[in-house]
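The first residue of the sequence shown is numbered 1, and numbering continues consecutively from there. Indexing begins at 1, ligand by ligand and atom by atom, following the structure's order.
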Amino acid sequence: MKPPLKIALAGLGTVGAGVVSLLRRNAALLERHAGRKLELVAVSARDRSRERLIDLKGVPWHDDAVAMAALPGVDVVVELIGGSDGVARQVVATALERGKHVVTANKALLAHHGTELARRAEAKGVALGFEAAVAGGIPILKALREGLAANHILRVCGILNGTCNYILSQMRDSGRDFAAVLAEAQNLGYAEADPSFDIDGVDAAHKLALLAAVAFGNVVDFAAVHVEGIRHISALDIAFAQDLGYRIKLLGLARLTQHGIEQRVHPCMVPLSAPLAHVEGVFNAVMVEGDFVGRVTLEGRGAGADPTASAVVADLLDIATSRGAPSFALPAAALQERPVSPMARHCGAFYVRLMVVDRPGVIADITAAFRDEAVSMEQMLQRGRAPGEAVPIVLTTHDTEEAAMMRALDRIKALDTVLEPPRMIRVENL
Ligand SMILES: NC(=O)c1ccc[n+]([C@@H]2O[C@H](COP(=O)([O-])OP(=O)(O)OC[C@H]3O[C@@H](n4cnc5c(N)ncnc54)[C@H](OP(=O)(O)O)[C@@H]3O)[C@@H](O)[C@H]2O)c1
């Protein structure tokens, strides 16, 4: 039998503790699959005295995670500290520099430095595994790199943030507004005390940048992701979505267009006929469309100790058995710098909600604005009547270029019968 794979683990929080538990509980299974033992030989975290409820008997503790990453005799360093820079980056850089394999769940680090780290790993002939960084327990990167490798990928699209999906699902179920549901999610531990990375779409954008790089063979380009969050989604929009046959989801979407690569994270109207519309609560899902395979959807737990550990240890098994494709499916030197397809050129359908004064002529002014910008309306709906008072009007459009839509909304905003800035949500054809 081959000698054990010697693992140093930096970070013993939610995911780190999950990895220790999995390595312990499934040790015999892992040994059978790898043909060798997976042995934890060093751990590091910030506070040695913290009660962790995991079995670390006999595993040497290191106060300095960066020094631990340089230890001779360690084959793989697992980085589960988090953050795009600082200690996490130093741990990964040190491990690669010393010719050690790296496994990480750190999407922020990879979204900012992924291409460079993949280059360094290749130069040293070691692996950089990050399955856990995208959609937690869902093995989407492995599916793209291996099972779907024979396809041109036409698009990827996913529910990549469980916190947002939970909030939107709860808003629909309970009819409550965003702020109330967010506060409840924080009490239940589904949202951080500072939830901005999640609810402003940044976390999903980190994951989308990685997903797009693997799917389309481009360098990781986080700065090129168009990002909008869910703070402005109201209970009213959620109710209208239901009436129109949609669910509102925060999606990450990427595809190649004639203008370059389009990467966007924003709330979407998803038709009820699409599988993604039915992914509820903290679950994640990713739909990939390939030219030969058609659509493939994977759904599962996108976060949490056990699912994320499952992905981390799958990467460890690949390293233990010396199998697996390059980190981003292609050698780092082959990853392409692509032009960014601007949102103004995005073509799709739209949902718009307006708060207007209920009086004759209002609808005619609105439809004239759309006509003047060549935006074709699909349907229009008014809820209730209150002559002289504010009423909501919602409408959906046929496919149109976003720039034209924005010009039409600017015209509508200027009408004195329109009382609030229009709410626009893109409709996604899935
Ligand atoms: N949580 C999830 O469900 C999930 C899912 C997918 C990916 N991820 C990613 O996984 C990574 C870890 O997330 P997490 O939720 O497990 O974080 P966490 O619970 O906050 O744990 C972070 C760990 O890092 C340790 N740490 C902090 N600073 C350190 C330092 N200077 N030196 C050594 N250790 C240090 C902490 O030590 P102490 O314990 O002593 O404070 C803690 O054990 C992040 O990149 C995150 O984005 C998380």
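- Ring to ring, Phe328 and Phe130 are close: their centroids are under 6.0 angstrom apart.
- Salt bridge absent: Arg264 and Glu402 never bring a charged side-chain N and a carboxylate O closer than 4.0 Å.
- Within a 4.0 Å radius of atom 17 (O) of ligand 1, the protein contributes no non-hydrogen atoms.
- Salt bridge status for Arg176 with Glu184: present, with a side-chain N to carboxylate O gap under 4.0 Å.
- Looking only at protein heavy atoms, the nearest one to atom 39 (O) of ligand 1 is Arg50 NH1, 2.4 Å.
- Taking every non-hydrogen atom of Leu80 and a distance limit under 4.0 Å, the qualifying atoms of ligand 1 come out as 12 (C), 22 (C), 23 (C), 24 (O).
- Remark: minimum distance from atom 3 (O) of ligand 1 to any protein heavy atom is reached at Gly304 N, 2.6 Å.
- When hydrogens are left out, the protein atom nearest atom 41 (O) of ligand 1 is Arg46 NH2, 2.9 Å; that is the closest non-hydrogen contact.
- Checked by distance only, ligand 1 and Gly13 come closer than 3.5 Å through their nitrogen or oxygen atoms.
- Nearest protein heavy-atom contact of atom 44 (C) of ligand 1 is Gly82 CA, 3.6 Å.
- Protein heavy atoms all stay at least 4.0 Å away from atom 20 (O) of ligand 1.
- Looking at Val87 next to ligand 1, no N or O pair under 3.5 Å apart turns up.
- Here Arg48 has no heavy atoms under 4.0 Å from ligand 1, in either its backbone or its side chain.
- Looking only at protein heavy atoms, the nearest one to atom 10 (O) of ligand 1 is Ala105 CB, 3.4 Å.
- Of the protein's non-hydrogen atoms, the one nearest atom 25 (C) of ligand 1 is Gly11 CA, 4.0 Å.
- Protein heavy atom at the shortest distance from atom 8 (N) of ligand 1 is Lys107 NZ, 3.6 Å.
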Carefully, step by step, assess Thr396 and Glu378 under the rule side chain to side chain donor-acceptor pair (under 3.5 Å). CA-CA 5 Å; Thr396 56; Glu378 189 196 23; 3.0 Å; yes

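- Closest to atom 29 (C) of ligand 1 among all protein heavy atoms lies Ile81 CG2, 3.9 Å.
- Ion pairing of Asp318 with Arg323 is present here, as a side-chain N (NZ or NE/NH1/NH2) and a carboxylate O approach within less than 4.0 Å.
- Of all atoms in ligand 1, listed by their number and element, those nearer than 4.0 Å to a heavy atom of Arg52 are 38 (P), 39 (O), 40 (O), 43 (O).
- Shown in contact with Ala132 at under 4.0 Å from a heavy atom are these atoms of ligand 1, numbered in order with element: 6 (C), 7 (C).
- Using a 4.0 Å cut-off between charged nitrogen and carboxylate oxygen, Glu280 and Lys249 count as a salt-bridge pair.
- Polar contact check, Ala303 against ligand 1: no nitrogen or oxygen pair lies under 3.5 Å apart.
- Residues His206 and Leu210 form no side-chain contact, since every pair of their non-hydrogen atoms from C-beta on lies 4.5 Å or further apart.
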Test side-chain contact (heavy atoms from CB on, under 4.5 Å) applied to Leu395 and Leu381, step by step: CA-CA 6 Å; Leu395 55 94; Leu381 209 135; over 6 Å; no

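- In terms of modelled atom types and a separation under 3.5 Å, the side chain of Asn284 and the main chain of Ala135 share no donor-acceptor contact.
- Taking any N or O of Val15, backbone or side chain, at least one lies under 3.5 Å from an N or O belonging to ligand 1.
- Looking at Arg426 and Glu228, a side-chain N of the basic residue comes within less than 4.0 Å of a carboxylate O on the acidic one, giving a salt bridge.
- A salt bridge links Asp410 to Lys413: at least one charged side-chain nitrogen sits closer than 4.0 Å to a carboxylate oxygen.
- Asp75 and Lys100 are not joined by a salt bridge, as no carboxylate oxygen comes within less than 4.0 angstrom of a charged side-chain nitrogen.
- Residue-to-ligand polar distances keep Asp63 apart from ligand 1: every N/O pair is separated by 3.5 Å or more.
- Shown in contact with Leu12 at under 4.0 Å from a heavy atom are these atoms of ligand 1, numbered in order with element: 23 (C), 42 (C), 43 (O).
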